Amino acid sequence: MSARFDAIGLVVSDMAASVAFYRRLGLVFPEGAEEQGHVEAGLPGGLRLLLDTEEVVRSFHPHWEPPSGGGRTSLALRCESPAEVDKLFAEMTAAGSRFELEPWDAVWGQRYAVLLDPDGNGVDLFAPTAG
């Protein structure tokens, strides 16, 4: 098989808000990304996060409609430590980010929290609680 996992794509309703949110989490987008219909940020390991506006998606898929109901997608960001989960969560919510779950010690051995990006996609923050 020659296909390989290369990118994660999200459709966004407000590019500027989405770029600002993901930049606060440490992703690097090119200057002027807020004004574009499609942008990409490199991720560790060679993957990319792709953001496309609803208008761009409708340019090639005219009948596309945003999903309704609860979110089915989440991104998970591993932090260096449980303290970093708490710190990043506090920074993001202080900057106005919405969240679904405040940091807690999960039974599976991780410090865990769930932010929501501007379109309501879950962004999980986690770190192992033991060595």
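Residues take their numbers from the sequence shown, with the count starting at 1. Treat the numbers as computed from the prediction; the structure is a model and nothing was measured.
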Heavy-atom closest contact (V56 atom, S59 atom, distance): O-OG, 2.5 Å

Heavy-atom pair with the smallest gap, counting every atom of A17 and P118: O-CG, 3.5 Å

Shared hydrophobic cluster, V85 / W108 (ILVMFWY, side-chain heavy atoms < 4.5 Å): no

Minimum heavy-atom distance A127-P82, with the two atoms named: CB-N, 3.6 Å

R78 CZ: over 12 foreign heavy atoms closer than 6.0 Å: no

Hydrophobic cluster identity match, V39 and L49, side-chain contacts under 4.5 Å: yes

Parallel, tilted or perpendicular: rings of Y112 and F126 (30°, 60°): parallel

same_hphob_cluster(W64, L50) at 4.5 Å side-chain heavy-atom cutoff: no

Nearest heavy-atom neighbours spanning V114 and G122: CG1-CA, 4.2 Å

Approximate separation, where rounding is to 0.5 Å, of L77 CG and L88 CG: 7.5 Å

Euclidean distance, N121 CG relative to L115 CG, rounded to 0.5 Å: 12.0 Å

F29-Y22 aromatic ring centre distance below 6.0 Å: no

Matching residue for L25 among L75, L125, D117 - test: side chain to side chain contact (heavy atoms under 4.5 Å, CB included): L125

Check: M92 and R98 side chains under 4.5 Å, non-hydrogen atoms: no

Residue pairs, two or more places apart or on separate chains, that pass salt bridge (Lys or Arg N to Asp or Glu O under 4.0 Å) and touch residues 9-29: R23-E34

W104 side, atom CH2; T129 side, atom OG1 - distance, nearest 0.5 Å: 12.0 Å

OG1-CD1 distance between T73 and I8, expressed to the nearest 0.5 angstrom: 10.0 Å

Residue E80 excluded, over 12 heavy atoms near CD under 6.0 Å: no

M15 vs L51 side-chain heavy atoms within contact, under 4.5 Å: yes

For the student: nearest non-hydrogen atoms of D86 and P103, plus distance: OD1-CB, 3.1 Å

Distance-only donor-acceptor check, side chains H38 and Q36, under 3.5 Å: no

Same cluster (ILVMFWY, side-chain, under 4.5 Å), F60 and V12: no

Spacing of CD belonging to E84 relative to CZ belonging to R111, to within rounding of 0.5 Å: 13.0 Å

Separation of L27 CG from L43 CG (nearest 0.5 Å): 5.5 Å

Hphob cluster co-occupancy, L10 + F99, side-chain heavy atoms under 4.5 angstrom: yes

Contact summary for S13 and E54, nearest pair of heavy atoms: CB-OE2, 3.5 Å

